[in-house]
2 protein chains.
Amino acid sequence: MARIIALQTHDVRFPTSQTLDGSDAMNPDPDYSAAYLRLITDAGDGLEGHGFVFTIGRGNDVQVAALHALEGHLVGRDVDRTLADLGGLWRELVHDSHLRWLGPEKGIMHMAIGAAVTALWDLRAKREGKPLWQLLASLSPEEIVDLVDFRYLTDALTRDEALEILRAARSGRAGREARLLAEGYPAYTTTPGWLGYDDDKLARLCREAVADGFTQIKLKVGADLDDDVRRLRIAREVVGPGIRIAVDANQRWDVADAIRWLDALRPFDIAWIEEPTSPDDVLAHAAIAKAVSPIPVATGEHAANRVMFKQFLQAKALSVLQLDATRVAGVNENIAILLLAAKFGVRVCPHAGGVGLCEAVQHLAMFDYVAVSGSAENRMIEYVDHLHEHFVTPVEVHGGRYFAPTAAGAGTEMHKASIVEYSHG
Amino acid sequence: MARIIALQTHDVRFPTSQTLDGSDAMNPDPDYSAAYLRLITDAGDGLEGHGFVFTIGRGNDVQVAALHALEGHLVGRDVDRTLADLGGLWRELVHDSHLRWLGPEKGIMHMAIGAAVTALWDLRAKREGKPLWQLLASLSPEEIVDLVDFRYLTDALTRDEALEILRAARSGRAGREARLLAEGYPAYTTTPGWLGYDDDKLARLCREAVADGFTQIKLKVGADLDDDVRRLRIAREVVGPGIRIAVDANQRWDVADAIRWLDALRPFDIAWIEEPTSPDDVLAHAAIAKAVSPIPVATGEHAANRVMFKQFLQAKALSVLQLDATRVAGVNENIAILLLAAKFGVRVCPHAGGVGLCEAVQHLAMFDYVAVSGSAENRMIEYVDHLHEHFVTPVEVHGGRYFAPTAAGAGTEMHKASIVEYSHG
């Protein structure tokens, strides 16, 4: 009988602030970082479970301390039994009443649980020899709903309704999987749009994005309206009318600011406005969505948990749902969020970039396409061409599409040499 | 020129789970704890600033790690200049983009900032020789609004509206302060109602509460409906019809559960239903409030920040606002929340109990009475008779009333001997 015998952590930080990659209206100088977790077993099969929380520098040590706080729950567990009931494991971690007090279900402790849950999925997928998306898509509807905690969801989505959604998606599943493997999944790129880049670099990167086959780019906005108008004009001129341009304010505005800004940006044919205000503010997003219609409002990378997503959907406060691989409590909570989105008929366009977010989140989008929403229409995964070389199974993005990973695991494993080289302190 | 020369922390845990004090439907075995912070200066006046985050045991070490993450912002600062601009200090801490990523504005990092901010207020109040409530009430409306960050609030409360509220409250301020010093501020007690107590202990403590002069008690509910009906019947029989009985579900329910439960409890004349569901779920609280009307819905002890409170008020999702001394980012954010409550005309009944929450939160309620809402009508501070002996200036509660503290400081300083005796690990 194999057991988990150790939980090891690493405080990994990349000095991205030196090049202003990742700079936006709220985050002028991020150092893309990972609070990184390895679960080690005595199975003797050489397989480990890896997970991480993406952070942007200072405080990554606190996030690592939160990973350690899960040691008592994880070390000593029977591997087979744990992996066979990851819904039960999720509930045990999230409902630990002492740890729950520190959120509840939000912030550092919730993200730490997410890293642990995802590391267990990584281990399970490696043991089963499948990429995570394919492992998830191979589960029965009953197995999938067992992974989800419906507490606080039942006024919008019950277990039975979730089962119905999953059963309906069984039809056409094999065809979608084959199509995914052949053609990949659409991507858009944020590479051109960081706020710290000058106009020449912006124009050059826009040109390259179109040449690389992307049909949507995203620009950071929100710090200065005149700058934003100038940068959007440059981008629109470079890419022409056929390419979508989304804009991202990274939570910079109050309601009135957002409306004023969007009035000025509207002529540039905006694909969506992302994170116009506080990620906690469902009602403000709803007010903005109503005022700036038909421009879609996108948010989610900082939504704390499934309860927040539920409300955003109930209030019609978003029409593009941007789930994040490491903000909520791991794969299980993201499945809950995918089911909510399917129930409300809202498209999911995951947040990525950062460290390893592209590698991790593609599995969720592809699982959604094959087995939940059954649709890739108007859906895209964000892509940023940073830091992929540090991962054992880096994303394959070509011609503006993510090609489905075939290697076993959740995509979350970093090269040992990268961990050593960029370990902090 | 005096500087802050050290930030010291302590992981303090009291073994309250041994007696089931504090047990409720979500928290069966809390060990009341404090992630405790001391700010030390080289002023040579013997004064330190003390603050803490209340937690319930495991994970208190992670909360302490988050306090340490603030060292770079605090150590080395000019004391006079820092204390003269605590609004600026708040913004610097809360808008540190790297640390903000770990919330944003919620959970472990936000609470750590709260402890630091409150420790600075404690130091300032000690240096000015005033209890915190009196120091705050002595500030001008302009000085008070400078403490508040209106970002994300302006769709509900602008700086000018806040100024108006504070200016209106200037009339009668001296009279209210005199009345407060003479008569104290109303309290209610949760001492009888912990879920882990047997029926005899419940009945005895209810009798004692009435004998002690309390006019409201609170019972924990939510685990088992039959038990709750039985316990409410006992409590109502013991206290008679003239004493209010509030009930507290500690987030246990979904919307339909809450409505079903309240239907059954309604005959016992419920003063309010507290935390019926997830503290993140504004829309669920609004639905419950509508369905159980006229029973008031109370919440707030786990509301993450001023943006959540704003929405609870906008959506009419609460009619009793229970701010907490250590959940949000300290005194400044609680001032924002008091102003929001005043704007919406909603009564504030702070959450207390725990470790030192009574000592800390009374200052906010008394400041509100004297200088913000100008009203104590139907308002009460929670009281629980635990752990006060560990504080240098314990609360004075007699005849069901909190008597205004007169000692300088924020009430947050624990005895050194207690810190040593209950230090963990």
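Letters go in sequence order (proteins before strands), and every chain restarts at 1.
- Here the closest heavy-atom approach between residue Ala284(B) and residue Asp155(A) is recorded as CB-OD2, 4.4 Å.
- The most heavy-atom pairs under 4.5 Å with chain B, out of Ser97(A), Gly107(A), Ala315(A), Pro30(A), come from Ser97(A).
- Met109(A) contributes atom CE, which lies 12.0 Å from atom CG of Leu102(B) (distance to the nearest 0.5 angstrom).
- When the candidates Gly57(A), Pro104(A), Ala66(A) are compared by the number of heavy-atom contacts under 4.5 Å with chain B, Pro104(A) comes out ahead.
- The distance from the CD atom of Gln311(A) to the CG atom of Leu283(B) is 4.5 Å, given to the nearest 0.5 Å.
- Minimum interatomic distance between Arg327(A) and Gly103(B) (heavy atoms only, all atoms of both residues): NH1-O, 3.1 Å.
- Atoms CG and NE2, from Asn27(A) and His98(B) in turn, are 7.5 Å apart once rounded to the nearest 0.5 Å.
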If you apply the rule side chain to side chain contact (heavy atoms under 4.5 Å, CB included), what do you find for Gln251(A) with Glu105(B), and how did you get there?
CA-CA 12 Å; Gln251(A) 313 169 23; Glu105(B) 301 195 31; over 6 Å; no
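- For Asp61(A), no part sits under 4.5 Å from any heavy atom of chain B, backbone or side chain.
- Atom OG of Ser278(B) sits about 9.0 Å away from atom CE of Met308(A), to the nearest 0.5 Å.
- Residues meeting the side chain to side chain contact (heavy atoms under 4.5 Å, CB included) test with Arg151(A), sequence neighbours left out: His95(A), Asp149(A), Arg306(A), Met26(B), Arg252(B), Asp254(B).
- Contacts with chain A were tallied for Trp253(B), Phe150(B), Tyr152(B); Tyr152(B) has the most, counting heavy-atom pairs under 4.5 Å.
- Here the closest heavy-atom approach between residue Val62(B) and residue Ala65(A) is recorded as CG2-O, 3.6 Å.
- You'll find the ring centres of Phe54(B) and Trp101(A) inside the 6.0 Å limit.
- Each of Asp29(A), Asp31(A), Val255(A), Asn305(A) has some count of heavy-atom pairs under 4.5 Å with chain B, and the biggest count is that of Asp29(A).
- Between the CZ atom in Phe309(A) and the CG atom in Asp280(B) there is a gap of 12.5 Å [rounded to 0.5 Å].
- Every side chain to side chain contact (heavy atoms under 4.5 Å, CB included) that Ala35(A) has, sequence neighbours left out, goes to Val53(A), Asn60(A), Gln63(A), Val64(A), Leu67(A).
- Taking 4.5 Å as the limit, some side-chain heavy atom of Asp281(B) sits within range of a side-chain heavy atom of Lys310(A).
- Interatomic distance, CG of Leu70(A) versus CZ of Arg58(B), reported as 11.0 Å (0.5 Å rounding).
- Using a 4.5 Å cut-off between heavy atoms, Ala304(A) touches chain B through its side chain atoms alone.
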